[in-house]
Number of protein chains: 2
Amino acid sequence: MHPRIIDTLKRSQLSVTDSRKKILELFLQRKAALAHADIEQHSGDEFDRVTIYRTLQTFVEKGILHTIPSADNSVRYALCKDACTEGHHHDNHVHFMCDVCGTTYCLDHVTVPAVQLPAGYQVHQLDLVASGTCIKCQ
Amino acid sequence: MHPRIIDTLKRSQLSVTDSRKKILELFLQRKAALAHADIEQHSGDEFDRVTIYRTLQTFVEKGILHTIPSADNSVRYALCKDACTEGHHHDNHVHFMCDVCGTTYCLDHVTVPAVQLPAGYQVHQLDLVASGTCIKCQ
DNA sequence: AATATTTTGCAACAAAGTTGCATTTGTGTA
DNA sequence: TACACAAATGCAACTTTGTTGCAAAATATT
Ligand SMILES: [Mn+2]
Ligand SMILES: [Mn+2]
Ligand SMILES: [Zn+2]
Ligand SMILES: [Zn+2]
């Protein structure tokens, strides 16, 4: 088991349970983002579908995972790298979704550029999602 | 009925049907983007749920509507303004989703800035979605 | 070890999306 | 205008996805 797992859970004041450990482990192994369906597939009958929903929700609230918007009705989740805390995310990096293999990447080193919106729009979050062909699928 | 409706359909080589006219009209009246559910709600029993699915899909394929990614598993659709054609979209403007009223706006005059991705990522599309509080909800 | 708290699985349900097929509607042509 | 062909629609049946309440199990606290 990845050494960071227990730490991460405790720092967020979450009790350390099997499902949380395993789901977190899955995200640490895979470097890419995962949709609910990916986790469900990958974990077989290890735990209930409902538990996955609740775990993902908890992790997002606690700042362990962030969501990545998509145009295919299937939100992806990925590990927060920065110091995200309960209700306060700072994942302002670009995401890339490959049309070929379906992988979603966090491009941690590519920052979302500032944009000048018309007066009156108060921005709380900015998401930039690129899609196309990834390195592996060229 | 809005004068552009028949034109738009014919230009895309689509037969002019009641549902297509009414769904298109809805998008022309409302300036904002609409989710499937919005259309369903707004049209009552005028046409079947399945017809809405199929119409939206057709309109996207034909370049009449474009999709807007979201983090809440509910893709929004909005009219293409530019010369989008079958299978070729050019809606490279920023979108704004209001957390308060839920409205999604096409900010037609705010262009998505170019970003420099790591070598090897071939970008086909760039989506920038801002969220926060809109003008009306301040 | 005993107790209090939290999480989980299950069941039942609601909502969202898909597919095949008969019927209806629209289009082009005679 | 009427006809024939093609396309779109509605319906039914179904699958998938997401939600909720509650008892049982697991975890944390003392
Ligand atoms: Mn990310
Ligand atoms: Mn738009
Ligand atoms: Zn790929
Ligand atoms: Zn608003």
Side-chain angles (χ1 to χ4, degrees), chain A residues 1 5-26 33-62 64-65 67-77 86 102 104, chain B residues 1 5-27 33-65 67-77 86 102 104:
Chain A
M1 191 178 65
I5 289 177
I6 309 271
D7 247 39
T8 306
L9 291 174
K10 294 215 159 156
R11 231 200 329 265
S12 298
Q13 295 168 313
L14 291 172
S15 35
V16 179
T17 68
D18 269 9
S19 14
R20 287 179 181 161
K21 281 190 284 186
K22 290 199 177 143
I23 291 178
L24 198 44
E25 176 125 61
L26 195 56
L34 298 168
H36 173 97
D38 298 324
I39 300 169
E40 201 173 329
Q41 256 188 280
H42 203 270
S43 59
D45 298 359
E46 268 188 305
F47 23 75
D48 199 81
R49 236 157 38 84
V50 179
T51 302
I52 302 179
Y53 282 115
R54 297 199 264 228
T55 303
L56 289 174
Q57 189 183 307
T58 305
F59 282 2
V60 170
E61 283 165 9
K62 291 293 187 175
I64 298 172
L65 294 179
T67 55
I68 301 158
S70 86
D72 66 352
N73 275 332
S74 143
V75 178
R76 319 296 158 92
Y77 299 84
E86 177 141 11
T104 301
Chain B
M1 191 178 66
I5 289 178
I6 308 272
D7 248 38
T8 306
L9 291 175
K10 294 216 158 153
R11 230 199 331 265
S12 298
Q13 295 167 312
L14 290 172
S15 35
V16 180
T17 68
D18 269 10
S19 13
R20 287 180 180 161
K21 281 190 283 186
K22 290 200 178 143
I23 292 179
L24 199 43
E25 175 124 63
L26 195 56
F27 277 98
L34 298 168
H36 172 99
D38 298 324
I39 300 169
E40 201 173 329
Q41 256 189 280
H42 203 269
S43 61
D45 299 358
E46 268 188 304
F47 24 74
D48 198 80
R49 236 157 39 83
V50 178
T51 302
I52 302 179
Y53 283 115
R54 297 199 264 228
T55 304
L56 289 174
Q57 190 184 305
T58 305
F59 282 2
V60 170
E61 283 165 10
K62 291 293 187 173
I64 298 172
L65 294 179
T67 55
I68 302 158
S70 85
D72 66 352
N73 275 334
S74 142
V75 178
R76 319 296 157 94
Y77 299 84
E86 177 140 13
T104 301

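Since the structure is predicted, the reported quantities are computational estimates derived from the model, not experimental observations.
A:R49 and A:D45 are not joined by a salt bridge, as no carboxylate oxygen comes within less than 4.0 angstrom of a charged side-chain nitrogen.
Considering only side-chain N and O atoms, A:T17 lies under 4.0 angstrom from the phosphate OP1 or OP2 of C:dT8. Under 4.0 angstrom from either OP1 or OP2 of C:dT8 there lies no side-chain N or O belonging to A:T51. Contact check, A:N73 against C:dG17: a side-chain N or O comes under 4.0 Å of OP1 or OP2.
Within 4.0 Å of A:S19, counting heavy atoms only, lie sugar-phosphate atoms of the nucleic acid but no base atom.
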Hey, mind stepping through B:R11 and B:D7 against side-chain contact (heavy atoms from CB on, under 4.5 Å) and telling me if it holds?
CA-CA 6 Å; B:R11 230 199 331 265; B:D7 248 38; 4.1 Å; yes

Quick one, B:V75 with A:D72, criterion side-chain contact (heavy atoms from CB on, under 4.5 Å). Give me CA distance, side-chain angles, the key distance, then yes/no.
CA-CA 7 Å; B:V75 178; A:D72 66 352; over 6 Å; no

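Each of A:V50 and B:T55 was matched to the nucleotide of DNA chain D holding its nearest heavy atom; the match closer to the 5' end belongs to B:T55.
If you take CD of B:Q57 and P of D:dA7, they are 16 Å apart, rounded to a whole angstrom. Protein atom CG of B:D18 is 12 Å distant from nucleotide atom C1' of C:dT24, rounded to whole Å. Atom CG of A:L56 is separated from atom P of C:dT7 by 15 Å (rounded to the nearest Å). Taking atom CG of B:D48 as the reference point, atom C1' of D:dA12 lies 10 Å away to the nearest angstrom. In this structure, A:H36 atom NE2 and C:dA15 atom C1' are separated by 15 Å, rounded to whole Å. Put simply, CD on B:E46 is 16 Å from C1' on D:dA8, counting in whole angstrom units. Rounded to an integer number of Å, the gap from B:L9 CG to D:dA7 P is 16 Å. In this structure, B:Q13 atom CD and C:dG28 atom C1' are separated by 14 Å, rounded to whole Å.
Side-chain to base pairing of B:R49 with C:dG17: one donor and one acceptor N or O lie within less than 3.5 Å of each other. Side-chain atoms of B:R54 and base atoms of C:dG17 include no donor and acceptor less than 3.5 Å apart.
Remark: B:T55 OG1 to B:Y77 OH distance equals 11.0 Å, nearest 0.5 Å.
Picking from D:dA28, C:dT8, D:dA8 the nucleotide with the shortest atom distance to the side chain of A:R20 gives C:dT8.
Panel note: side chain B:R20, backbone B:S15; a donor-acceptor pair is recorded below 3.5 Å.
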